[in-house]
Engineer: 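Could you have a look at this structure, given as structure tokens, before my questions?
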Amino acid sequence: MIPKQLCNPNFRFILLKGKVPVKPKNADNNFSWKDQKYQFTFDDEIIHEHIKRGGNVGVVCGPGDLICIDVDCRKHTEIFEKIKQILPSTLTVRTGKKGWHLYYLSPQLARRMRVKKYKIGKGVEIELRCSNCYCVIPPSVHPDTGRRYEVANDAPIAELTEADYAKLLDYLLPYTEEGKAKIAKKTKKLEALLRKILEKVTYVDKGEYLLINCPLHPPDEEPSLAFYKNTQLFVDFHDDKIYTIKEFARQLNLISAEEPLAIVQGKKAIYKILQEDGLTLPPSGWFYSKGDFTSFAQPFSAFTEVVPADPEAEPYSRTEHFLAEARYENDKIVDITIHPLGELKNINFGEFTASVEIKGMLAGSLPTAMPFSVIKAIQNNEEWNITLADVYKKIKAKFARFVDLPEPELSVITLWAVTTYFSDVLGVIPSLFLYGSAGSGKTRCLATLAAVCRRGLMIADPSDSNYSRVVDSWRPTLCVDDFDEAMRKHRSIVMSLLKHSYKAGARVPRLTPLKSGAYRIELFSPFAPLAISAVEPLEKQQQLSRFIDVTLKKSKKPLAPSDPKPDTFKEERAALYYLSFKLATQVRREFENLQILELSGRAREIWCPLLILAKLIDPTLYAAIKTFAIRKVREQAERAYYSEKAAVLAIEQLFLRGKEGNLEGTSYVEFTISEFKAEFKAVLCERWQDISQEEFERRWKSQQLGRLLSSMGIRSIRRGRTSARLRTITEEELEELRARYDVADNADNADNNIGAPIQNSPSKFSVSEPNNGKFGSQKTDRGSPLNVRNVRNVRLKAKTQEFANLTQEKLPNLKTQIIEILKKHKTLDLNQYDEQNVAKIKPLIEEMLKSGEIKEVKHNVYALGKVIKHEA
């Protein structure tokens, strides 16, 4: 049964299967072993019944001041023997895998520490389990070895004092990686520096170590800091941080910098090189992680009374900016510090110092910035009873009051807003593109995003001179309305926005003039969450691949009469700021480990941030967003090179209309921009029916068309000095363009694609799918290269008329007529006819497919319709 030493009414126990907590009977779906209602006393009948049924039991560390030192050193038993000599004799349990559990009572450790691990070489790990964790106890059986946990030392549970813990650390530190890196030899300089430190503190000499009242965490009535003479290291028991003499002296402001690596004598000054490299941090905050060290900082503003250090200067009040910096250990915040941003030049990261570069500072404050109440709650260890799922649901419900969006688009936009709070942690966040006609609610949607997102800011007219500085100084979530106008006025900066805002790492150089007449090059980071709205779609593949696009439509649903104010989402923003600190390290770890086999490259990079948050919120949401992401990625792949594909089809028409020549036996065509424009317009406005003729004339000027052709490698020539410039392309070059932009060959059916309107055609960007014997969609097989001279418009007209007559006449033998047409022309293109006529023939064709009278149906992607191919 349970060891008698653990039969203490203050201790708590849980049910285990192997080493995993299990639900007691009648437990609800929100079961957690940490919930006290699922923790039992030693004499509870539930515990005894579970043991009788062969179940395992665990004791919870923390209640009753119980802690456990888990010694896992199967080969190096001498380490365990040394630990037993250092620490008081106590109840010791031999685990089922050649390890030991030493149980102690320690109010200090149980209240301030959770779990602390010390790895010593290979195969040796010492773990202090103090609170919010558990240990398997006798008579449990190890799930891997089948051996029971047994009492090895049947002694009372002893008390572990700070002095005992100090002795243990003094033994362990020289073996740990951190200790090895920081242990220094005694020198006269270090001895002198140590004397300065001891003058500033109160301590008791314990022989091999000094026990000190910690000056970093006052008041410290019970000494909670030790200096070990053997290793020359300080250990702060409050947060288990290890300091060298220099590092601790720097904490007390006794020294300002490291000893220089080198000293360079200049004409104007002496230069002391302190570090091999320099880390520069932005004033907008950061997430920095290296090894076990993690720092996460976010800015906030507050109306502050400033009392100058100069006694003669008068106090004043104004809005000041600060940085709240949290440091972590094992996903837990161990320290949070508020830095006045105006004074923050350097920040100490223990082993090195980083500089904070402030190029500009926000005047005033953002109403959507982090409130001080969040920082105060974290400083006071307040646990807000909130989860990501709770906040997500509240934001989604409020969002629906202002914007009418279907699912899953509403979930995607809400999730994107939540993800902005972790953009610094992830280092990447997709940009959001809201597309729709006038009156579709784009501006309202942007205003709602600006009210709910992390440091949301709605801007207009982002110019080349102000955009990078705004982002670098505050890194807000930028909501840019009327993006089309911004593109026309500031194309260069807008293209930079499109390319580089989604990911950290890129830098925008700016030349800043100095008083001396010289220039200084400053590098700004354009990385920031970005949402834009426009009435014109994104076309370039490099733009599409960085964005999540959402189409908005005019709504008849009654919505809120006005845009939301920042206070509308005040509670939700505060909750997300709080959770961004609490979950920062967990989100980063999940981001690095998430595997999505269906996505790769930039698609994975773009969608991972949203999928990580969706996974933490709800598995069902994760599945829905993943499905949506895969569909969007496929759609974007199909829409890739939209303009280039239209250009290829326009050039084909120039060939078909007889604009061909013969140059050294090579078929080619020459055309002017005006001739190309006419065919290009026909493809977009008539054949694809994507845009109106008025919109085409507004968007596609001759200059844009010339740039498009040049980017495709279609050369320009001039015949004589006064003649217009001509574009020339050969048949072989056209074939290369088809292959490059994945345009299907129209050798057999190109003549079917001219001169008839398309009604309700399927997407020209359909994905190739299996046929499965149905009237489905597949790409046509590539045939021989286009031979312009074999194309005859006469045959086209004959086929068109023949099918028109067929569908209009009510012939009893319709099957026979269809087969005759297929035998004669090989294909039947439904692309040319309106929906009513296609509807008449479609059921019949499906029936003929099932019976085998028609062997195959294929989808002609670029003809935008169904092509029925008869196989003899």
Engineer: Quick one: do Asp424 and Arg454 make a salt bridge, cutoff under 4.0 Å?
Structural biologist: yes

Engineer: Do the non-hydrogen side-chain atoms of Leu583 and Glu590 ever get within less than 4.5 Å of each other?
Structural biologist: no

Engineer: Within the structure provided, determine whether Thr477 and Thr368 are in side-chain contact (heavy-atom separation under 4.5 Å).
Structural biologist: no

Engineer: Shortest non-hydrogen contact from Tyr622 to Ala614?
Structural biologist: CA-CB, 3.8 Å

Engineer: Distance check, rounded to the nearest 0.5 Å: Leu611 atom CG versus Ile606 atom CD1?
Structural biologist: 11.5 Å

Engineer: May I have the step-by-step check of side-chain contact (heavy atoms from CB on, under 4.5 Å) for Gln298 and Ser580, ending in yes or no?
Structural biologist: CA-CA 10 Å; Gln298 291 205 59; Ser580 69; 2.9 Å; yes

Engineer: Enter the distance from Ile375:CD1 to Ile336:CD1 here, rounded to the nearest 0.5 Å.
Structural biologist: 4.5 Å

Engineer: Taking the side chain from Arg604 and the backbone from Leu599, do they hold a donor-acceptor pair closer than 3.5 Å?
Structural biologist: no

Engineer: For the atom pair CG (Asp331) and OG1 (Thr585), what is the distance rounded to the nearest 0.5 Å?
Structural biologist: 3.5 Å

Engineer: Got more than 12 heavy atoms from elsewhere within 6.0 Å of NZ, Lys394?
Structural biologist: no

Engineer: With no hydrogens and no angle check, is any side-chain donor or acceptor of Tyr134 less than 3.5 Å from a backbone partner on Lys19?
Structural biologist: yes

Engineer: Does Lys582, at its NZ atom, have more than 12 non-hydrogen atoms belonging to other residues, nucleotides or ligands within less than 6.0 Å?
Structural biologist: yes

Engineer: For the side chain of Trp474 and the backbone of Pro299, is there at least one donor-acceptor N/O pair under 3.5 Å apart?
Structural biologist: no

Engineer: Compare every heavy atom of Ile630 with every heavy atom of Glu598, then report the nearest pair and how far apart it is.
Structural biologist: CB-CD1, 3.6 Å

Engineer: Does the Arg475 side chain pair with the main chain of Trp286, one donor and one acceptor, at a distance under 3.5 Å?
Structural biologist: no

Engineer: Is it true that atom NZ of Lys570 has more than 12 heavy atoms of other residues, nucleotides or ligands lying nearer than 6.0 Å?
Structural biologist: no

Engineer: So, Arg573 side chain and Pro566 main chain: donor-acceptor pair closer than 3.5 Å or not?
Structural biologist: yes

Engineer: Between Tyr577, Phe300, Tyr578, which is the residue that forms a side-chain contact (heavy atoms from CB on, under 4.5 Å) with Pro371?
Structural biologist: Tyr577

Engineer: Test side-chain contact (heavy atoms from CB on, under 4.5 Å) on Leu434 and Ile413; report intermediate values, then the result.
Structural biologist: CA-CA 10 Å; Leu434 306 177; Ile413 287 186; 3.9 Å; yes

Engineer: Taking the basic N atoms (NZ, or NE/NH1/NH2) and the acidic carboxylate oxygens, is any pair closer than 4.0 Å for Glu572 and Lys396?
Structural biologist: no

Engineer: Donor-acceptor pair, distance only, cut-off 3.5 Å: does the side chain of Asp481 make one with the backbone of Leu446?
Structural biologist: no

Engineer: Hey, does Val428 have a side-chain heavy atom less than 4.5 Å from the side chain of Pro609?
Structural biologist: yes

Engineer: Would you say CD of Gln36 has more than 12 non-hydrogen atoms from neighbouring residues, nucleotides or ligands within 6.0 angstrom?
Structural biologist: no

Engineer: So does Thr620 get a backbone contact from the side chain of Asp618, meaning a donor-acceptor N/O pair under 3.5 Å?
Structural biologist: yes

Engineer: Drop me the distance from Tyr421's OH to Cys453's SG, to the nearest 0.5 angstrom.
Structural biologist: 6.5 Å

Engineer: Between Ser32 and Asp35, is a side-chain hydrogen bond (donor to acceptor under 3.5 Å, both in side chains) present by the stated rule, with each step listed?
Structural biologist: CA-CA 6 Å; Ser32 170; Asp35 193 330; over 6 Å; no

Engineer: Are Tyr38 and Lys23 packed together at the side-chain level, in the sense that at least one heavy-atom pair is separated by less than 4.5 angstrom?
Structural biologist: no

Engineer: Any Lys/Arg nitrogen of Lys556 or Asp404 sitting under 4.0 Å from an Asp/Glu carboxylate oxygen of the other?
Structural biologist: no

Engineer: Could you report the tightest heavy-atom contact between Val115 and Cys133, atom names first, then the distance?
Structural biologist: CG2-SG, 3.9 Å

Engineer: Between Lys557 and Ala400, what is the shortest heavy-atom contact and its length?
Structural biologist: NZ-O, 4.0 Å

Engineer: Which distance, rounded to the nearest 0.5 Å, do you find between the CZ of Arg455 and the CG of Leu478?
Structural biologist: 11.0 Å

Engineer: Between Glu325, Arg327, Lys290, which is the residue that forms a side chain to side chain donor-acceptor pair (under 3.5 Å) with Ser295?
Structural biologist: Glu325

Engineer: Please report the interatomic distance CD1(Ile333) to CZ(Phe581), rounded to the nearest 0.5 Å.
Structural biologist: 7.0 Å

Engineer: Side-chain contact, heavy-atom cut-off 4.5 Å: Trp416 with Leu449?
Structural biologist: yes

Engineer: On a heavy-atom basis, which atom in Ala574 and which in Val374 lie closest, and how many Å separate them?
Structural biologist: O-CG2, 3.5 Å

Engineer: Is a donor on one side and an acceptor on the other found under 3.5 Å between the side chain of Lys442 and the backbone of Leu552?
Structural biologist: no

Engineer: So, do Phe591 and Cys608 sit near enough that their side-chain heavy atoms are less than 4.5 Å apart?
Structural biologist: yes

Engineer: Where do Ile548 and Val412 come nearest, in terms of heavy atoms and distance?
Structural biologist: CG2-CG1, 4.1 Å

Engineer: Begin with the C-alpha distance, continue with both residues' side-chain angles, and end with the deciding distance and a verdict on side-chain contact (heavy atoms from CB on, under 4.5 Å) for Tyr288 and Phe293.
Structural biologist: CA-CA 8 Å; Tyr288 180 80; Phe293 176 82; 4.0 Å; yes

Engineer: Determine, step by step, whether Phe527 and Ile429 satisfy the side-chain contact (heavy atoms from CB on, under 4.5 Å) criterion, reporting the C-alpha distance in whole Å, the side-chain angles of both residues, the deciding distance to 0.1 Å, and the verdict.
Structural biologist: CA-CA 9 Å; Phe527 170 59; Ile429 181 170; 4.1 Å; yes

Engineer: Which of parallel (below 30°), tilted (30 to 60°) and perpendicular (above 60°) describes Phe569 and Phe402?
Structural biologist: tilted

Engineer: Just wondering, do Val60 and Trp33 contact through their side chains at under 4.5 Å, heavy atoms?
Structural biologist: yes

Engineer: Can any side-chain N or O of Arg546 pair as donor or acceptor with the backbone N or O of Pro430 at less than 3.5 Å?
Structural biologist: no

Engineer: Just so I know, are the side chains of Leu613 and Tyr392 near enough to count as touching, which here means a heavy-atom distance under 4.5 Å?
Structural biologist: no

